[in-house]
Structure formats: structure tokens, C-alpha cells
Peer 1: 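If you scroll down you'll find the structure; I have some questions about it.
Chain naming here is simple, since letters A, B, ... match the order of the sequence lines and numbering starts at 1 in each.
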Amino acid sequence: MTLRQAQGPARTLSTEYLQRFHDMVDDYPNKRSMLMMTLRLIEEEFGCIDDAGMEIAADLCGVSTAHVQGMVTFYTHFKRPAHGKHRFMVCATLMCALDGNTSQALKQIESKLGITPGQSTADGLFSCEKVECLADCDKPPVVQKDFEHFCSMKGKTLDDYIDSLLKRENKSVADYQGKAGIEMDLRVSVLPSHYNFAGETEVGARHFENKDPYFQPGEAPRTTTVPPPLKTPLTAPVVDGMNLNGADHV
Amino acid sequence: MSESPLNSPNGAMVPFTPVILKHIHEAGSHTLDHYVARGGYETARTNVGKTEPGSLVKLVEESGLRGRGGAGFPTGKKWSFLAKGTGKPAYLTVNGDESEPGTFKDRHIVEKDPHQLLEGVILTCWAIQSHHAFIYLRGEFILGYERLEAAVREAKARGFIGKKIFDTDFDLKVVVMRGAGAYICGEETGMLSSIEGGRGYPKIKPPFPAVSGVFQCPTIVNNVETIACVSHIVKNGAAWHKQWGTEKSPGFKIFCLSGAVKKPGVYEVPLGITMKEFIEVYGGGMIEGRTLKAVIPGGLSAPLLTPEMVEKCTLDYESLAGLGSMLGSGGITVLHDQVDLMSAIYNTMRFYHHESCGQCTPCREGTGWLEKLAHKFHEGHAHEGDVDLLGDVARNMRGRTICVLADAAAMPMQSYLQLFRGEFEKRVHEPAYTERKRTARDEITPAAKRDTVTQGGPDVLSVGMGMDRI
């Protein structure tokens, strides 16, 4: 499954989450400063921050999509489409890595799920990555699974936890034995989805206009759809190796 | 935690019981009811709208409280620098982006006693006459964020935060924000950039945040622990705070102990106790069968201490500075005799390379060089000149960047080189490592292929730092 297909069709933020966005408005002096928390809202609602999510955040906070892409790639804790549904983050900084705690945890994850750091399982259910200090250094190794935090996560504790996740997904260890994981591609698309290859848009270059499609403090929230992706396929592949090719972009 | 009799500046023994961490082990310590039941928010109620703000700043200045985030700048003095009469609002930003490896004290305050922090925020805002405070937590503090958010809601409902707090004319907005996994946002101006909705790029100083900080407005940036201290100092007075600690480092501090000790954890102790006592009494000593090799005294960026230095070290800002290290954020990590220091320094350098924000060339490139060179020592295929090269790169990084991340990366490297140079040199000359590497490479690159490359011109395999030149 490609990144673009995994993201599915264009989406919009639900009324509930838009309301939560509007509730925050009074707390911040300007829209741009709400971006971090807006991205968290989008992450919470969609499960990850994909291209559509970035465009929604750009609209809500009045910044360009490029700025949001810059944010999402700078901050490593945001969940992205390439991450597995269950995303393991294993602390690999010195205090956890002392005495082989980190490598022990990574080994256990690999033996159960067949993935090494930087990989996700082929079905997209699990992914594993090394992260830097998670600030619980007295109880190594520290592991976060999405938004859950675990200390002293090794041996039977970790094994049992992975088993419980497998059970929840109706999978077993055998499903992942002998299957190689796939490398996660955390890059973003070069262009927003509604841009065509010539750099023109079908719906107008709204990102450079000072419009407020959502942001009206005090007003009832409105839902606005993100423009649909292009119907005409790209005619030329992108040469710099980014993740856009013609077939994906339809 | 037990009482510990300690020396105060005047030589008298003053018993100490934890102040900030006193209640964290009690059930429900994070709730408003628990906090109010133990006298919480009374200090704020009696001071906000009643005490002269300037006298609060003076009180904190007199108490000698120093910033607990790492730099140790006197808090009261920082407050007094806040630009006045600019016509712009003043902001308080509380730095809870606790990302220095080895430090986990703010986590305990935010998760287990968030109202204590909020009372400190209220008092600080009154002292500096700010109506808007941001508390920036790192994204990984999930429970902490939930609890602090809930605490703000509870306090709002009781009228401790919001419009006309404590029935005075003072309005106060407290906003809890989450980061998303960037070490650099622990740097004060990096955090401000993040609050403004951008990448966490540090800004050049001056202007200092107290003059032009977040949204180009006067801003005070304090650590979570510093702010948590404020309500206790306002309640008990400057003399109470000064009865512990040393002359230049008065008071108490939370230290985080990790590594090869029997009882790692957070311990709140008066400043000025000996490092040895801290490790032996609080940490329960070294784990069985291991001896002390080195101590990282103030988070990963602090230069190492050897066992001899540990003997004469006391836990205060001056003693550690005198030993060429720093108290930093109080994250003490004990390394035992079997720790491979080359792996440790490689891990450390990898951390800084990963976390460099990429703005300044000496840091962006320098941390990469240090990582690659340290990797050569870790793998055992370093060359003669690499030890000097490490020192050279580290020296050229220091003091040449916008923020101190470059220094934070160079300092541990320089201290490893200074204190354990022999270990680096051993790894250069160790034939076993070189031999193992050669064998490994021969398996990957058949000899014939390598020969054609070398015959065809300069040895391209040897170009680039990551490659070994055997």
C-alpha cells in the first residue's frame, strides 16, 4: 500500500473537534501559535497527521501548508501515516541503553513482530523506532506505545504486552515470523494534493491568500472540505526520489 | 524519604524534609481537594491583589533561588529584568520540556502535584504583573498533560485562575501546551519559537526574553521546579529558604538519580550535600559487584566526574563548576566499571546530532562529525589522528552558535577526552578490533572488487568520514 492510498480520501475535521479548536481561540494571542495544539487535535481525530490533516491545520491557523509540513517533519513525536497502528517508541539514550536495556527491548520486539527500528510490519499494524530520552531514566528501558507510557519494559512484561496487542488485533506471533518489515517513509509530499504538476491548482492558490475558512471566534463552527485530489494523473514522475509518482497521485 | 541532618552556611545542622516532593506518594495528590486540604492556594489568596508585586520580586531575589532548569540564573534577578512600560503585555512561560537525558524531576511535579505548580504560576504572574502564562510540557508527558489540564480546569472552576481571581481585579489566563519530541524546545528561546507556532529554532540573544520574548513581548521563562519553589518561599520567607544550602547556592533541589545504583529515583535534598553521601545514602550505593567508573552530574551535557572528583564533590553550583562540570538540571547518572565509555560517548553524540535543530553550521555539522568520529571509536576502526580531531571539532563548536546545544555536545566530548584519553587511544591501537573489522569488510566487499577500485584511481572507499581506511 502506498502512502497516498493509505491516507484515503480527503477529510475534514468533525464538528466536535472544530468546537474544541474554537474553545482554544481565547487562550492564544494569534492563530499561528495554535498550530502545535491544532496538530494534536488533528492527530487525535484522524489517528495520524497525513497530508489532508496538514492542509486542515494550515487553513485553521492561517499558515502555508509548507510551514505545517516543516513543523510535522521537525517534531518527531507526531504520528504519521507511515507509522504502524501500534507505534512502539523505545528510548535509546544513554541512561536506558546502559547495560543493554534498550537492545534487549528491541530484540524482543523483533523476535515477536519481525521489525527492527525504523520499520513497520507489512500490514501496517505495528511499527518500531528508537527515540531519544523519554524522561523516566530510573526505570529503564522506557517504551511508549502511541500515547501510553511504560517503564522497565523488558522480559515478560514486554512480551505479555505485545501478546495482548496481538490478541486485540486477532493476530499471532506466527503471522509475523519470517516476514521482513518495511522501512517507514516519513517524508512528506512535495506539493499539496490539489496542486497539479505545473504548479497550478484546480481550486485556486488558497494558501497564499489571507482567507479565514474556519476561524471566526464566537461563530458556530463550519465544516469545510479539503479540496479533492487531482483527477488528471501526473504526466511526469518526480525525479528527486520523493514519494510522488504518477500512479499514486490520482 | 528520611530526614537528613546537614550543614547550613553558618555551620549549624538544619534538619530537612522534602518540600516540593513531600506529598507525591499520597493517593490523590494531584487533585485540587487534596491540595486545598493541605493549605494549598492560601499563599496565593493572601498575596494576590494585596502584596506589592515588587516586594515579591525582592523576596525571591533575597531568598537566593536559582533557576533549576540548568543554567542556575538567580530567579529574582531575572524577574527584575522584565521590561516595563513597553505598552505590550508581559508573559510567563514555564518550561516543562524536560528533555535533558537523565532528568525526570518535572515529570513528578506535573503528574503528582500539578496544583503546587499552578500556585507558583499564580504568584509569579502577580509578581511580574503578567496576565497570561504558558506552561509548555514536552509531548511525551501524556499523563502529566492530562493532569495539568485537569488541574487548570479545577482551579478555573474555583476562581483561582481566570477572570478576577480570588475576588480581586487581577485576571490570569493559564494555557497548557504540548511539545512534540524536540530536545531543542527545552532551550528557552527554542521553546518560545515553538509556542509561537513554528519550528523550535532558538533565537539570538540579545534581546533577552525579558525584553523581547514570545510574540516580541517581555517574557519570563522559568523551569517547572523553580516555579514550584516560589509558593513555598513566599509562604515561609527568604530566611527559611536560606537555612539550607550554601552561601551561593541556597535552598534545596530535586536530584534525579539513575544508572548503576541500588535505589535510583528522584530525591529532594538541600544543596551542598556531598555527592558521595547522595549516592551512598539516598541511592543505596553501587549495585552489587560493580565499582564506580564515572558520574554524569547534571544531565547528559555535563562533563564527567571521575571517582576522585566524586570524593570531593558537593551538590551545589559552585563545587561542580570548580571541578569543571556543572550542576545543570540535577540529573545524576552513575556509570559502573564495565560500561564501555566509547559506546557511551557514541550514544551521547548520536543524541546531540539527532537533536541539533540545524540552524547553525558549527552545531549541525559539528555534531555530525562528532557522531561519526565517535562511531569509529565505538566500532574500533579509528585512526591515530582521530583523537586530536575529536578535540579539534569539539573546540571549534563551542561558543559559535545561537544557543548552547553545540556547547552541550562539545562539553561531554571534551571531558571524555580529558579524563579518559587512554580509552580512546586504546581503541585506535587495538589490533583485535581492526582485524575483526577487516574480516567483516572482506566478507561484504570481495577482495578482487576492492582491488579494481584501488587500481582505478584514488581509493574512493576511503573518502568520507564513515569509511574505514585499513
Side-chain angles (χ1 to χ4, degrees), chain A residues 24 26-41 43 49 57 61-63 67-79 89 91-100 102-103 129-140 142 144-149 151-152, chain B residues 89 91 98-107 132 134 136 138-143 173-175 177-183 185 194-201 214-215 217 256-260 263-266 296 300 331 333 335-336 338-339 343-344 347-348 350-351 354-355 357-358:
Chain A
M24 293 196 301
D26 282 345
D27 290 345
Y28 295 86
N30 61 36
K31 289 184 290 175
R32 189 178 182 266
S33 59
M34 298 170 72
L35 189 50
M36 286 295 278
M37 298 307 281
T38 307
L39 285 169
R40 287 295 186 187
L41 282 184
E43 185 185 34
I49 299 176
C61 298
V63 294
H67 180 80
V68 182
Q69 287 182 342
M71 292 282 281
V72 172
T73 46
F74 184 83
Y75 295 98
T76 52
H77 197 252
F78 288 127
K79 193 164 175 178
M89 291 173 267
C91 175
T93 310
L94 186 64
M95 290 75 195
C96 277
L98 281 175
D99 298 326
T102 300
S103 47
E129 65 203 278
K130 279 189 200 173
V131 296
E132 302 300 349
C133 189
L134 292 170
D136 227 341
C137 316
D138 55 337
K139 299 179 277 290
V142 185
Q144 279 198 356
K145 202 281 287 181
D146 295 319
F147 302 110
E148 295 169 68
H149 181 87
C151 302
S152 307
Chain B
Y91 288 96
E98 181 175 51
S99 28
E100 183 69 38
T103 318
F104 42 97
K105 59 190 174 65
D106 298 347
R107 170 188 286 280
H132 204 151
F134 287 100
Y136 187 95
R138 62 179 302 189
E140 289 87 342
F141 284 181
I142 294 143
L143 179 66
K173 235 183 257 177
V174 178
V175 183
M177 277 187 79
R178 284 179 73 190
Y183 170 77
C185 292
S194 185
I195 292 175
E196 287 169 354
R199 290 176 163 220
Y201 284 156
V214 72
F215 312 114
C217 296
C256 320
L257 188 57
S258 58
K263 293 190 293 176
V266 282
I296 304 172
L300 199 60
T333 306
L335 306 179
H336 61 70
Q338 288 175 30
V339 170
S343 302
N347 189 300
T348 308
R350 197 209 58 222
F351 173 81
H354 183 262
E355 298 296 349
C357 79

Peer 1: State, without any angle test, whether D27(A) and H132(B) hold a side-chain donor-acceptor pair at a distance under 3.5 Å.
Peer 2: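 There is no such pair (donor and acceptor under 3.5 Å, judged by atom type) between the side chains of D27(A) and H132(B).
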Peer 1: For residues Y28(A) and F134(B), determine if any side-chain heavy atom of one lies less than 4.5 Å from a side-chain heavy atom of the other.
Peer 2: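 Touching, per the 4.5 Å side-chain cut-off.
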Peer 1: Report which part of L98(A) has an atom under 4.5 Å of a heavy atom belonging to chain B: side chain, backbone, both, or neither.
Peer 2: side chain
Peer 1: Does the side chain of M36(A) come within less than 4.5 Å of R178(B)'s, by heavy atoms?
Peer 2: no
Peer 1: What part of I142(B) is in contact with chain A, defined as an atom under 4.5 angstrom from a non-hydrogen atom: side chain, backbone, both or neither?
Peer 2: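 For I142(B), the contact with chain A is made by the side chain alone.
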Peer 1: Please tell me if the side chains of N30(A) and E196(B) come closer than 4.5 Å, counting only heavy atoms from C-beta onward.
Peer 2: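 Of all side-chain heavy-atom pairs linking E196(B) with N30(A), none is under 4.5 Å.
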Peer 1: What option among C256(B), G358(B), G179(B) has the most heavy-atom pairs under 4.5 Å with chain A?
Peer 2: G179(B)
Peer 1: Hey, is NZ on K79(A) packed in by over 12 heavy atoms from elsewhere, all under 6.0 Å?
Peer 2: yes
Peer 1: Any idea which heavy atoms bring M95(A) and I296(B) closest together, and the distance?
Peer 2: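 Smallest interatomic distance, heavy atoms only, reads CE-CD1, 4.4 Å.
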Peer 1: Could you measure the distance from the CE atom of M37(A) to the CD1 atom of I195(B)? Nearest 0.5 Å is fine.
Peer 2: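 With rounding to 0.5 Å, CE (M37(A)) is 11.5 Å from CD1 (I195(B)).
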Peer 1: Please flag which part of R199(B) lies under 4.5 Å from any non-hydrogen atom of chain A: side chain, backbone, both or neither.
Peer 2: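 Both parts, heavy atoms under 4.5 Å.
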Peer 1: Indicate the atoms forming the closest heavy-atom contact of C137(A) with S258(B), along with that distance.
Peer 2: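 So the minimum-distance heavy-atom pair works out to O-CB, 3.5 Å.
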Peer 1: Please name the pair of heavy atoms, one in L35(A) and one in G197(B), separated by the smallest distance, quoted to 0.1 Å.
Peer 2: CD2-O, 3.6 Å
Peer 1: Using 0.5 Å steps for rounding, measure from the CG atom of L94(A) to the OG1 atom of T348(B).
Peer 2: 5.0 Å
Peer 1: Let's test your reading of the structure: which of K263(B), E98(B), Q338(B), M177(B) forms the most heavy-atom pairs below 4.5 Å with chain A?
Peer 2: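 Sorted descending by pairs with chain A, the first entry is M177(B).
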Peer 1: Taking side chain as everything from C-beta outward and backbone as N, CA, C, O, which of these in T103(B) sits under 4.5 Å from a heavy atom of chain A? Side chain, backbone, both or neither.
Peer 2: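 For T103(B), backbone heavy atoms alone lie under 4.5 Å from chain A.
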Peer 1: Rounded to the nearest 0.5 Å, what separates atom CE in M71(A) from atom OG in S194(B)?
Peer 2: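 Going from CE on M71(A) over to OG on S194(B), the span is 6.0 Å.
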Peer 1: Within the structure provided, determine whether F104(B) and K139(A) are in side-chain contact (heavy-atom separation under 4.5 Å).
Peer 2: no
Peer 1: Quick check for you: among C217(B), G102(B), S99(B), which has the greatest number of heavy-atom pairs under 4.5 Å with chain A?
Peer 2: G102(B)
Peer 1: Does any part of the side chain of E140(B), heavy atoms only, come nearer than 4.5 Å to the side chain of V131(A), both counted from C-beta?
Peer 2: no
Peer 1: Taking the side chain as every heavy atom from C-beta outward, state whether L143(B) and H149(A) have any pair of such atoms under 4.5 Å apart.
Peer 2: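 Result no, sub-4.5 Å side-chain heavy-atom pair not found.
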Peer 1: Looking at H354(B), E100(B), K105(B), R350(B), which one has more heavy-atom pairs under 4.5 Å with chain A than the rest?
Peer 2: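 The answer is R350(B).
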Peer 1: For E355(B), which atoms come within 4.5 Å of any heavy atom of chain A: side chain, backbone, both, or neither?
Peer 2: side chain
Peer 1: Between chain A and each of F215(B), Y91(B), F141(B), count heavy-atom pairs under 4.5 Å; write down the option with the most.
Peer 2: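 Heavy-atom pair counts peak at F215(B).
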Peer 1: Can you tell me how far the CZ atom of R138(B) sits from the SG atom of C133(A), to the nearest 0.5 Å?
Peer 2: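 R138(B) CZ to C133(A) SG: 6.0 Å, rounded to 0.5 Å.
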Peer 1: Report the C-alpha distance between D138(A) and L257(B) in whole Å, list the side-chain angles of each, state the deciding distance to 0.1 Å, and finish with yes or no for side-chain contact (heavy atoms from CB on, under 4.5 Å).
Peer 2: CA-CA 7 Å; D138(A) 55 337; L257(B) 188 57; over 6 Å; no
Peer 1: Y183(B) versus chain A, heavy atoms under 4.5 Å apart: side chain, backbone, both or neither?
Peer 2: neither
Peer 1: Is F351(B) close to chain A through its backbone or its side chain, or both, or neither, when contacts mean heavy atoms under 4.5 Å?
Peer 2: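 Both the backbone and the side chain of F351(B) come within 4.5 Å of chain A.
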Peer 1: Among P89(B), G331(B), G200(B), A260(B), which has the most heavy-atom pairs under 4.5 Å with chain A?
Peer 2: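 Counting heavy-atom pairs under 4.5 Å, the top option is G200(B).
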Peer 1: Using the ring of each side chain (for Trp, its six-membered ring), is F74(A) parallel, tilted or perpendicular to Y201(B), with breaks at 30° and 60°?
Peer 2: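 Plane angle over 60°, so perpendicular.
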Peer 1: Determine, stepwise, if the pair D99(A) / H336(B) fulfils side-chain contact (heavy atoms from CB on, under 4.5 Å).
Peer 2: CA-CA 10 Å; D99(A) 298 326; H336(B) 61 70; 2.7 Å; yes
Peer 1: If I measure from the heavy atoms of chain B, does R32(A) come under 4.5 Å with its side chain, its backbone, both, or neither?
Peer 2: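 R32(A) touches chain B through backbone and side-chain heavy atoms alike.
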Peer 1: Is chain A contacted by the side chain of C185(B), its backbone, both, or neither, given a heavy-atom distance below 4.5 Å?
Peer 2: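 Only the side chain of C185(B) comes within 4.5 Å of chain A.
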Peer 1: Would you mind checking which part of S343(B) comes under 4.5 Å of any heavy atom in chain A, side chain (CB onward), backbone (N, CA, C, O), both or neither?
Peer 2: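 Neither part.
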